[in-house]
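Structure, as structure tokens:
Just follow the structure's listing: the first ligand is 1, and inside any ligand the first atom is 1.
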Amino acid sequence: MQLPSRSAAGAALLLLLHCCQLASIVGQKSALTVVKNPDGREGGGADEEAEVTVDEDEGDLEVVQPTEDWQTLKPGQAVPAGSHVRLDLQTGQREVKLGEEQLKYWTQEHRETEEIQSTISPDELKWAMKKMKEEQNSERQDTDQQLTDSVASKYRSLDELKRDLAQLDLLVETDFQIMKRLLDQFNSSNSTTEQRLSILLELEYLVHQVDNAQTLCSMGGLQLILEGLNSTDIRLQERSAFVLGSAVSSNPVVQVKAVESGALQPLLTILATAQPLRVKKKVLFAVAALLRNFPYAQRHFLSHGGLQVLSELFKADGGGVLRTRIVTMLYDMISEKELISQAGLDLVLDASHEERVHQYSLVSLQVELLEKGWCSLVPQLLESTEHDYREKALRALLAMAPVCLDQYRSDSALLGSLLSLRDQYQEMVQSEMIVGEENSYFAEIVELIHALQVKMK
Ligand SMILES: *[C@@H]1O[C@H](CO)[C@@H](O)[C@H](O)[C@H]1NC(C)=O
Ligand SMILES: *[C@@H]1O[C@H](CO)[C@@H](O)[C@H](O)[C@H]1NC(C)=O
Ligand SMILES: *[C@@H]1O[C@H](CO)[C@@H](O)[C@H](O)[C@H]1NC(C)=O
């Protein structure tokens, strides 16, 4: 059966969705068929019944009914209000289960009340779908008038049904509504720390979408996040930094708002004070995301003593996790500035390019790196046993070479490290070649070491 038009298909789909929802409320199978003759009158046989299929291109939301177990959400699927949504960081998938509020509603003893509240029976829905289809096919209406009237008397009017369906629609929240609710809950003096922590996790998931992160700002959420950073509870600090970092990642509008709201200061304060590693990791993540491709924020960072704070952090970090992140961040800052100035050589430039070059010229990163002792700090990362850490250190050393070369040359520890690392990695490349591997990671590291040695000659 072809549905008469796109809008009719839309209407039918809407009903199907609500019916699925309803069907699960009353514990029936959610498969739905359109019944042309609900009174059971015999008609034309098999095609009196036809399945309504969900056309994904319609762009309508598919509503997933959460259960007590986690289930994976596909793109474009929506969940009812109050659902507990989380992100599986391993797979990148969204998962949903019943939130606590819903558990109250959906457990067995509440099902009956729910059934009474949502007073639309599956039969009524089927009838409504038929009715709406008929409205589209108005030419057929006169012949069926008698029948329709008799059926209608058994059920409520179509308008009533539509109104009730609209009420059911409230069960499906948009991201906007979800964020509003989460922020209200977060801001409520009644919320416990545990609740706030889980709200932050949900927000963190939502703000990966550029629009959502901007909405969060316009709802005043940024202020709440900054207060979270100020909290005395380290778990709240950690999660707030996580949300902030995700919100500003690749989101220039939010980057600007965050810097304007003074986000850098509390972040630097956390980095400068005694805090557990996991808090500092998330805060560094937020700082790096905030500074990325944003020279104005970088200037603020430098003028607020950011490099000084980082160097203290670098010296205190024995394990190397923070060291590596710091060095990677410095490398990113140097190379993005470099890229901007190189772009002038061979590209047809837009008007904003000059402004960007100007902005970056105000970031006195290299000079500061030299002054704050980074030329001798970064080589220390080569002492790590992790290949990855060493690689990051080598890249940063190369990027810093223009200002640090003199210091490198007089750094006997660095010279020694480079020699022994080169031997070590060449050996590893040799044994890899025996196994038959090409273009190995280790060969890449040998090349980095070689490039640095050439510069230092
Ligand atoms: C806190 O909870 C009480 C009762 O549970 C309620 O009356 C009050 O409105 C709540 N306050 C806020 C700010 O939500
Ligand atoms: C949080 O609550 C305070 C008052 O309790 C209010 O002034 C503020 O606007 C609220 N913030 C958000 C983001 O809802
Ligand atoms: C965080 O704390 C600092 C210092 O106590 C204060 O100046 C600032 O206004 C606070 N920020 C927020 C968002 O509460």
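Within the structure, the disulfide bond (SG atoms under 2.5 Å apart) test picks out the following pairs touching residues 360-409 (sequence neighbours left out): Cys375-Cys404.
Ligand 3 places these atoms under 4.0 Å from at least one heavy atom of Asn230: 1 (C), 2 (O), 3 (C), 8 (C), 10 (C), 11 (N), 12 (C), 14 (O).
Side chain to side chain, Gln298 and Glu336 meet the donor-acceptor criterion of an N or O pair below 3.5 Å. In this model, no donor atom of one side chain and acceptor atom of the other lie less than 3.5 Å apart for Gln185 and Ser191.
For Lys280, the side chain to side chain contact (heavy atoms under 4.5 Å, CB included) criterion is met by Leu271, Gln275, Leu313, Leu322, not counting sequence neighbours. Not counting sequence neighbours, the partners of Arg390 by the side-chain hydrogen bond (donor to acceptor under 3.5 Å, both in side chains) test are Tyr425.
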Between ligand 2 and the protein, give all atom pairs where both partners are nitrogen or oxygen and the distance is under 3.5 Å, as lines of names plus distance to 0.1 Å.
{"unit_1": "ligand 2", "atom_1": "2 (O)", "unit_2": "Asn187", "atom_2": "OD1", "d": "3.4"}
{"unit_1": "ligand 2", "atom_1": "2 (O)", "unit_2": "Asn187", "atom_2": "ND2", "d": "2.2"}
{"unit_1": "ligand 2", "atom_1": "11 (N)", "unit_2": "Asn187", "atom_2": "ND2", "d": "2.8"}
{"unit_1": "ligand 2", "atom_1": "14 (O)", "unit_2": "Asn187", "atom_2": "ND2", "d": "3.3"}

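Between His304 and His300, the two ring planes are parallel [angle under 30°; tilted spans 30° to 60°].
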